[in-house]
K.L.:
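The structure follows.
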Protein chains: 2
Amino acid sequence: MVAALVGDPARANMLTALMTGRALTASELAQEAGITAPTASSHLSKLEAGGLIEPEKQGRHRYYRLTGPDVAGVLEGLAGLAARAGHLRVRTGPKEPALRHARICYDHLAGDLGVQMLDSMRAQKLIRQTKQTIELTTQGSRFVAEELRIDPATLAHPRRPVCKACLDWSERRHHLAGTLGAAIMTSFTTMKWAARDPSPSSRVVHFTRSGERRFEALFGTTGDAIRKT
Amino acid sequence: MVAALVGDPARANMLTALMTGRALTASELAQEAGITAPTASSHLSKLEAGGLIEPEKQGRHRYYRLTGPDVAGVLEGLAGLAARAGHLRVRTGPKEPALRHARICYDHLAGDLGVQMLDSMRAQKLIRQTKQTIELTTQGSRFVAEELRIDPATLAHPRRPVCKACLDWSERRHHLAGTLGAAIMTSFTTMKWAARDPSPSSRVVHFTRSGERRFEALFGTTGDAIRKT
DNA sequence: GAGATACTTCGATTAGCGTCGAAGTATGAA
DNA sequence: TTCATACTTCGACGCTAATCGAAGTATCTC
């Protein structure tokens, strides 16, 4: 029974944490629910078996998200019923405001700007995304050559895909990885649009004044997305 | 937590039995869930405390119904989620086809025709119903005097209301009780519109050919409601 | 009035499941 | 390769809650 899955307090906490639509790791969900990792693992496999959540493996992390908006809808309905009886529930905000704007993820751009770039490229039909695989369109090849000074021929690699969707740990949405993601980050650096923070352990990426303007020209929406924190 | 209430199999069976919108007694719900009366009583009080169901006391019976369509909506949503995982649920049909059309409930008319009559009287504004209390309108007083040969002055009683909504055990909707309900049934009998079944233990009410026609003329809809069984 | 029915409360039993520590597997970092 | 991190599996413990029999209360029937 599905309702029994939602009935347990620990699982309910996990599910409400996922109600934002963003994906969360198993450890984070464990912390959200106030339980240890083994317990969380057990709960997560049950929720997955019940079809409420689905995992996405990312290195040694396992990101979980709700399987669809219908699940969120039912959970919302249950919360509405609970509200009539006087119960309530609170959600804690995110953390780490510094790194959220722009940072290095391995060798490519992550954070708000990374997510925004992938969204924009998808909208401009520079890439074609089907499920998990992403590939550059012919229009996209021309774009990276002209605007970013990247030779598409240099992107091929025997063991690494050109394009790959990578889950962003601050936004919990995808940004662009793969050899193209790395090449774009390199281009940003060589063109002096951006630079990594000088301190050795920091992953923050600083955009220059003109770099941010050019980035906006290529991948900008209305600009709201960038300045939202 | 509300979901925990729905999570228990016994309670889930009860709730799905109530999904038809009709009210069921505690014993019936116990049988639906396959549990004994004490267990059912415990579950029902929990569901009531959670605001999912509400009781209506009727003599020594307690009829339970869902508190609202929103509850049914959420339950339906949960069932939809469960369906994706391969689970399913069946509902059994009603029983006792003989008594459903017209029968005596204490001293007044019940069954399909009883429900239909109350509905029609409400629609014709012969009665005014606010929550649990029902009263005859001036238009209704004239109606019962002229059409049913009932003197409205004789209906007053020190300990019994003139009009009362009574839950119908076959239709699980209200029909008219109270002194007016009794007087109307008496009128039907004296006017030879209907008569109780001769066998002593039977509660069936037989309408005559002309009686059913007159009843239809006063309280008829399209006639579909009567012949639906 | 006495008896029957519908339901509730009480108390004791039991089973299921959430919980965690410890050990095992996989992936990334050095 | 070696170490660290993220997660899973295993085994054992403990607690909640579902369950039912027996007794109690309310209501209808005769």
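Proteins come first, then strands; the chains are lettered A, B, ... in the order of their sequence lines, and each starts at number 1.
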K.L.:
Any side-chain N or O of A:R60 below 4.0 angstrom from OP1/OP2 of D:dA4?
P.N.:
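For D:dA4, neither OP1 nor OP2 has a side-chain N or O of A:R60 closer than 4.0 Å.
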
K.L.:
Could you give the CE-to-P distance, from A:M14 to C:dT19, as a whole number of Å?
P.N.:
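After rounding, the gap between these two atoms is 9 Å.
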
K.L.:
Does some side-chain heavy atom of A:L5 sit less than 4.5 Å from a side-chain heavy atom of A:R11?
P.N.:
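Touching, per the 4.5 Å side-chain cut-off.
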
K.L.:
Does B:T39 reach the main-chain N or O of B:I35 with its side chain, forming a donor-acceptor pair under 3.5 Å?
P.N.:
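Flag not set: sc B:T39 to bb B:I35 has no pair under 3.5 Å.
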
K.L.:
Looking for any heavy atom pair under 4.0 Å, which part of the strands does B:A10 touch: base, sugar-phosphate only, or nothing?
P.N.:
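Sugar-phosphate contact only - B:A10 comes under 4.0 Å of backbone atoms but never of a base.
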
K.L.:
Which nucleotide in the set D:dA18, C:dA6, C:dT8 lies at the smallest distance from any side-chain heavy atom of B:R11?
P.N.:
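Of all the options, the side chain of B:R11 is nearest to D:dA18.
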
K.L.:
Does D:dA17 have its OP1 or OP2 closer than 4.0 Å to a side-chain nitrogen or oxygen of B:K46?
P.N.:
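For B:K46, the contact criterion (side-chain N or O under 4.0 Å from OP1 or OP2 of D:dA17) is not met.
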
K.L.:
Roughly how many Å is it from CD in A:Q58 to P in C:dG28, rounded to a whole number?
P.N.:
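Interatomic distance, CD of A:Q58 to P of C:dG28: 9 Å.
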
K.L.:
Is the backbone N or O of B:G51 less than 3.5 Å from a side-chain atom of B:T67, with the two atoms forming a donor-acceptor pair by type?
P.N.:
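At least one qualifying donor-acceptor pair exists.
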
K.L.:
Is any side-chain heavy atom of B:R62 closer than 4.5 Å to a side-chain heavy atom of B:P55?
P.N.:
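Yes, side chains in contact.
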
K.L.:
Would you say A:T190 and A:S187 are linked by a side-chain donor-acceptor pair, where the criterion is simply a distance under 3.5 Å?
P.N.:
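Short answer, no.
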
K.L.:
Using whole Å, what does the distance between atom P of nucleotide C:dC17 and atom CG of A:L44 come to?
P.N.:
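Distance, rounded to whole Å: 18 Å.
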
K.L.:
Between A:Y63 and A:R65, do the side chains contain a donor N or O and an acceptor N or O under 3.5 Å apart?
P.N.:
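Their side chains do not contain a donor-acceptor pair, so the 3.5 Å distance test is not met.
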
K.L.:
Taking only side-chain N and O atoms of B:T36, does any of them lie within less than 4.0 angstrom of OP1 or OP2 on D:dT19?
P.N.:
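The answer is no; no side-chain N or O of B:T36 sits under 4.0 Å from OP1 or OP2.
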
K.L.:
Using the side-chain heavy atoms of A:K57, tell me which of these nucleotides is nearest: C:dT19, C:dT27, C:dT8.
P.N.:
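From the listed options, C:dT27 comes nearest.
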
K.L.:
Check whether any side-chain nitrogen or oxygen of A:H43 sits under 4.0 Å from OP1 or OP2 of C:dT19, and answer yes or no.
P.N.:
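Looking at the OP1 and OP2 atoms of C:dT19, one of them is under 4.0 Å from a side-chain N or O of A:H43.
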
K.L.:
Pick out the pairs of N or O atoms, protein on one side and nucleotides 22-24 of chain C on the other, that lie under 3.5 Å.
P.N.:
none

K.L.:
Calculate the interatomic distance between A:E28 atom CD and D:dT5 atom C1'; express it in whole Å.
P.N.:
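It is 14 Å, rounded to the nearest whole Å.
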
K.L.:
In this structure, how many angstroms lie between the P atom of D:dA17 and the CG atom of B:L5, rounded?
P.N.:
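B:L5 atom CG is separated from D:dA17 atom P by 11 Å.
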
K.L.:
Would you say A:T39 places a side-chain N or O within less than 4.0 Å of OP1 or OP2 belonging to C:dG18?
P.N.:
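No, A:T39 has no side-chain N/O under 4.0 Å of OP1/OP2 on C:dG18.
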
K.L.:
Would you say the side chain of B:L66 lies within less than 4.5 Å of the side chain of B:L52, judging by non-hydrogen atoms?
P.N.:
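No; the side chains remain at least 4.5 Å from each other.
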
K.L.:
Of the options D:dA26, C:dT27, C:dC20, whose atoms approach the side-chain atoms of A:I35 most closely?
P.N.:
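Of the candidates, C:dC20 comes closest.
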
K.L.:
Let me know the distance between CZ of B:R62 and C1' of C:dT8, rounded to the nearest Å.
P.N.:
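Rounded to whole Å, this separation is 9 Å.
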
K.L.:
By nearest heavy atom, map B:A37 and A:A4 onto DNA chain C; which one lands nearer the 5' end?
P.N.:
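Mapping each residue to its closest nucleotide by heavy atoms, the 5'-most match is B:A37.
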
K.L.:
Rounded to whole angstroms, how far apart are NE2 on B:H61 and C1' on C:dA6?
P.N.:
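Answer to the nearest Å: 7 Å.
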
K.L.:
In whole angstrom, what separates A:Y63's OH from D:dT5's P?
P.N.:
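Rounding to the nearest Å, OH of A:Y63 and P of D:dT5 are 17 Å apart.
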
K.L.:
Under 3.5 Å, is there a donor-acceptor pair linking the side chains of A:T25 and A:E28?
P.N.:
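On atom types as modelled, these side chains qualify, holding a pair under 3.5 Å.
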
